[in-house]
Amino acid sequence: MPELIEIEYYRRLAEGALGRVIDEVDAPDAWFLKRGLTARIVTDALLGRQFVGARRIGKLLLMDMDDEAVLGLRFGMTGRLVLDDCAGVDDLQYASRRREAAWDRFTVHFDDGGDLRINDARRLGGVELDPDEARLGVDAAGITPSQLTAALDHSTAPLKARLMDQHRVAGLGNLLVDEVLWRAGLDPARAAGSLAPAERKRLHRHLRRTVDDLLADGGSHLGRLQVARVRGGRCPKDGAELLRRTVGGRTTYSCPVHQH
DNA sequence: CTCGACTCCTGTTAGC
DNA sequence: TGCTAACAGGAGTCGA
């Protein structure tokens, strides 16, 4: 599913939409428009204008307009960004590989005949105007050791829950967090505030490295733990049967032998 | 403020 | 073969 990694690919794809004049907007799905947005309002905001910037904070893609307005795009679990019929990501975990036209939830047409689309079977994504960027925590791709410490300290919530809390650290989803904690040898269920300085340092190093690795490799589903992330799966490091449980409300796989 | 429980969405798959 | 139920996870809301 799209996590920080996939949204970054979408952002790069969306740069191909910059400087093109918008001459039509298709917003057929009212559910997909968030926070009071309507087809009329978003059409009025976009028509005749251009995108001048493509930014990303966590899993939120931000398209800057030439009049200072910002279009916020979210992709939920199965959302794809498609520019001029080219998909930003081909293989999306848990999403169908098909691309039905009926799943096009939001389309921006340009006067050169091309278009930018969100195709989302499950409708867990959405579109909003001028999203509140301050609600999101620091982006996981560039997080510093002290920022990570601030996000974890004094919390009794499970480490995994805290890392997935987008208000504190933005961009990490279920697969990425399982991969990072597996690499760092840390138990997802441990209290976030219980990490010793050396463990926090280890977590930071693995977090940054995992994001870098998966950005280079091509997706958040290409981690080393992912292949074993099935019932009865075994730890790729030491062969132990992985523990499957719910942590922070999400299905969690971890190794009972090397994650403490 | 913090944190867990619940809810929403629907294509895919496991199981009978 | 054909059906049903469980499953996947991002994000918002609610209540203790």
Side-chain angles (χ1 to χ4, degrees), chain A residues 1-8 10 27-37 56-62 72-81 89-106 118-128 131-137 139-140 150-181 188-194 214 219-221 223 225-233 242 244-254:
Chain A
M1 88 278 350
E3 300 188 34
L4 171 162
I5 311 282
E6 281 73 22
I7 311 303
E8 175 58 23
Y10 292 169
D29 187 350
W31 160 264
F32 215 72
L33 304 177
K34 305 300 182 184
R35 298 204 324 162
L37 193 63
R56 178 189 65 77
I57 304 177
K59 304 172 196 170
L60 176 64
L61 180 60
L62 298 156
L73 307 178
R74 293 182 189 280
F75 299 88
M77 187 176 165
T78 55
R80 294 166 196 276
L81 191 68
V89 170
D90 293 327
D91 190 8
L92 210 51
Q93 194 79 8
Y94 303 126
S96 171
R97 218 161 283 196
R98 289 185 291 139
R99 256 212 41 234
E100 303 283 338
W103 299 340
D104 285 341
R105 310 298 178 186
F106 186 78
I118 298 183
N119 184 267
D120 183 5
R122 298 271 298 276
R123 300 168 81 212
L124 284 165
V127 173
E128 63 183 306
D132 182 1
E133 300 178 27
R135 289 194 59 185
L136 288 168
D139 190 81
L152 302 179
D153 260 6
H154 311 301
S155 172
T156 57
L159 179 55
K160 173 169 180 174
R162 202 71 170 190
L163 289 172
M164 284 204 305
D165 183 345
Q166 303 298 304
H167 307 297
R168 303 189 180 276
V169 178
L172 302 180
N174 203 31
L175 300 188
L176 215 35
V177 168
D178 273 10
E179 175 77 20
V180 168
L181 295 177
R190 258 183 76 175
S194 74
L214 295 186
S220 53
H221 61 291
L225 175 66
Q226 183 59 29
V227 289
R229 229 176 149 284
V230 293
R231 285 172 203 264
L242 294 175
R244 180 189 190 269
R245 58 195 158 147
T246 300
V247 179
R250 291 291 158 233
T251 301
T252 301
Y253 286 86
S254 62

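- A:Asp120 has its CG atom 19 Å from the P atom of C:dA8, to the nearest Å.
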Review item, nucleotides 8-12 of chain B N/O atoms under 3.5 Å of protein N/O:
{"from": "B:dC9", "atom 1": "O3'", "to": "A:Arg123", "atom 2": "NH1", "distance (Å)": "3.2"}
{"from": "B:dT10", "atom 1": "OP1", "to": "A:Arg123", "atom 2": "NH1", "distance (Å)": "2.7"}
{"from": "B:dT10", "atom 1": "O2", "to": "A:Arg122", "atom 2": "NE", "distance (Å)": "2.8"}
{"from": "B:dT12", "atom 1": "OP1", "to": "A:Ser96", "atom 2": "OG", "distance (Å)": "2.6"}
{"from": "B:dT12", "atom 1": "OP2", "to": "A:Arg98", "atom 2": "NH2", "distance (Å)": "3.0"}

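- Atom-to-atom, NZ of A:Lys34 to P of C:dT13 comes out at 11 Å; the value is rounded to the nearest Å.
- For the pair A:Met77 CE and C:dA8 P, the computed distance is 9 Å after rounding to whole Å.
- Closest to the side chain of A:Ser155, from the set C:dA8, B:dC3, C:dG10, is B:dC3.
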Side-chain donor-acceptor contacts of residues 161-170 of chain A below 3.5 Å, not counting sequence neighbours, with atom names and distances?
{"from": "A:Arg162", "atom 1": "NE", "to": "A:Ala151", "atom 2": "O", "distance (Å)": "2.8"}
{"from": "A:Arg162", "atom 1": "NH1", "to": "A:Ser155", "atom 2": "OG", "distance (Å)": "3.3"}
{"from": "A:Asp165", "atom 1": "OD1", "to": "A:His167", "atom 2": "N", "distance (Å)": "3.0"}
{"from": "A:Gln166", "atom 1": "OE1", "to": "A:Gly171", "atom 2": "N", "distance (Å)": "2.8"}
{"from": "A:Gln166", "atom 1": "NE2", "to": "A:Met164", "atom 2": "O", "distance (Å)": "3.0"}
{"from": "A:Gln166", "atom 1": "NE2", "to": "A:Leu172", "atom 2": "O", "distance (Å)": "3.0"}
{"from": "A:His167", "atom 1": "ND1", "to": "A:Arg135", "atom 2": "O", "distance (Å)": "3.0"}

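- Among all heavy-atom pairs drawn from A:Asn174 and A:Glu3, the shortest one is N-OE2, 3.8 Å.
- The shortest non-hydrogen separation linking A:Gly79 to A:Asp120 is N-OD1, 3.6 Å.
- Taking atom CZ of A:Arg35 as the reference point, atom C1' of C:dG12 lies 12 Å away to the nearest angstrom.
- When the nucleotides C:dG10, B:dC3, C:dA8 are ranked by their closest atom to the side chain of A:Thr156, B:dC3 comes out on top.
- When each of A:Arg229, A:Gln226, A:Arg250 is checked for a side chain to side chain donor-acceptor pair (under 3.5 Å) with A:Asp178, only A:Arg229 meets the rule.
- Contacts of A:Asp29 classified as side chain to side chain contact (heavy atoms under 4.5 Å, CB included), with partners at least two apart in sequence or in another chain: A:Trp31, A:Phe32, A:Arg105, A:Arg123.
- In this structure, CG of A:Asp165 is placed 14 Å from P of C:dT13, rounded to the nearest angstrom.
- Rounded to a whole Å, the CG atom of A:Asn174 is 6 Å from the P atom of C:dG10.
- Scanning both residues, A:Arg56 and A:Leu4, for their nearest heavy atoms gives NH1-CG, 3.4 Å.
- Distance NE2 (A:His167) to C1' (C:dG12): 8 Å, rounded to an integer number of Å.
- At least one donor-acceptor pair closer than 3.5 Å links the side chain of A:Thr78 to the backbone N or O of A:Arg122.
- For A:Pro158, whose side chain is taken as the heavy atoms from C-beta onward, the closest listed nucleotide among B:dG4, C:dG10, B:dC3 is B:dG4.
- Atom CD1 of A:Ile118 and atom P of C:dG10 are 17 Å apart (whole Å).
- Across all strands, A:Arg162 comes closer than 4.0 Å only to sugar-phosphate atoms, never to a base (heavy-atom distances).
- Of the candidate nucleotides C:dA8, B:dT2, C:dA11, C:dA11 has the atom nearest to the side chain of A:Arg74.
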